[in-house]
*Asks:* 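First, the structure itself, so that you have it in front of you.
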Amino acid sequence: MADYNPILSAPQGANKNPKRVGRGSSSGLGTTAGKGNKGQQSRSGGKTYVGFEGGQMPLYRRIAHKGFSNYPFKKEYVCINLDQLEAKFDNGATVDKEALKAKGFISKKTDTLVKVLGNGELKKKLTIVVDKVSASAKAKIEKAGGSVTTADAEKTEEKK
């Protein structure tokens, strides 16, 4: 151990030689090389694919894959309650997507749809311009003296 230099070499016993499988009976891992006796797993290349069920018809082929899914077309709304608007906005403020992004209600990266829900009380006069508003929220906003404009209302006006 006199010539041991900790900077240049690993401590003794840290680096072991790998097990040399299938190199004769005297190695201790010869003959079947730890793969047992006969069978698919003992053969070279004897692997199965993901979802293989031993020859039984696999699940992904038993289940029908046809028809229409509306999942790619669904609309997801970010829901904001009146008590949150009461806490973050001043009296007479305009609540639109830009203002909601500035206050941290919506992610700045994505273009999301916004719906205002009627949970809580509103005492401030707010002008709200969002995609959807629940009936209870609209009643509470108008009762407080504010106004509501939705994207659905704008689209119906354009069609007329």
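Remember, it's a predicted structure, so these values are computed and weren't measured experimentally.
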*Asks:* If you look at every heavy atom in Lys38 and Ser42, which pair is closest and at what distance?
*Replies:*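 Smallest interatomic distance, heavy atoms only, reads C-OG, 3.6 Å.
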*Asks:* For the hydrophobic clusters of this structure (ILVMFWY residues joined by side-chain heavy atoms under 4.5 Å, transitively), does one cluster hold both Leu117 and Val133?
*Replies:* no
*Asks:* Roughly how far, to the nearest 0.5 Å, is the CD atom of Gln84 from the CG atom of Asn119?
*Replies:*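 Going from CG on Asn119 over to CD on Gln84, the span is 8.5 Å.
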*Asks:* Could you give all pairs that pass the ring pair (Phe, Tyr, Trp, His ring centres under 6.0 Å) test and reach residues 30-53, with sequence neighbours left out?
*Replies:*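 Only Tyr49-Phe52 qualify under ring pair (Phe, Tyr, Trp, His ring centres under 6.0 Å).
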*Asks:* Indicate, with yes or no, if Val148 and Val78 share a hydrophobic cluster defined by side-chain heavy-atom contacts under 4.5 Å among Ile, Leu, Val, Met, Phe, Trp and Tyr.
*Replies:*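 Yes, same cluster.
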*Asks:* Between Leu82 and Val116, is there a side-chain heavy-atom distance shorter than 4.5 Å?
*Replies:*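 A side-chain contact exists here, since the closest heavy-atom pair is under 4.5 Å.
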*Asks:* Decide whether a cation-pi geometry holds between Lys103 and Phe89; the criteria are a distance under 6.0 Å from NZ or CZ to the six-membered ring centre and an angle within 45° of the ring axis.
*Replies:*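 Relative to the ring axis of Phe89, which defines the angle, Lys103 lies inside both limits.
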*Asks:* Considering all heavy atoms of both residues, which atom of Ala14 and which atom of Ala10 are nearest to each other, and what is their separation?
*Replies:* CB-CB, 4.2 Å
*Asks:* Are Lys140 and Glu121 side-chain neighbours, meaning at least one heavy-atom pair lies under 4.5 Å?
*Replies:* yes
*Asks:* Decide yes or no for Val95 and Thr127: does some side-chain heavy atom of the first lie under 4.5 Å from some side-chain heavy atom of the second?
*Replies:* no
*Asks:* Would you say Leu59 and Glu53 make side-chain contact, with heavy atoms under 4.5 Å?
*Replies:* yes
*Asks:* CG of Asp111 to NZ of Lys97: how many Å apart, nearest 0.5 Å?
*Replies:*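 Going from CG on Asp111 over to NZ on Lys97, the span is 4.5 Å.
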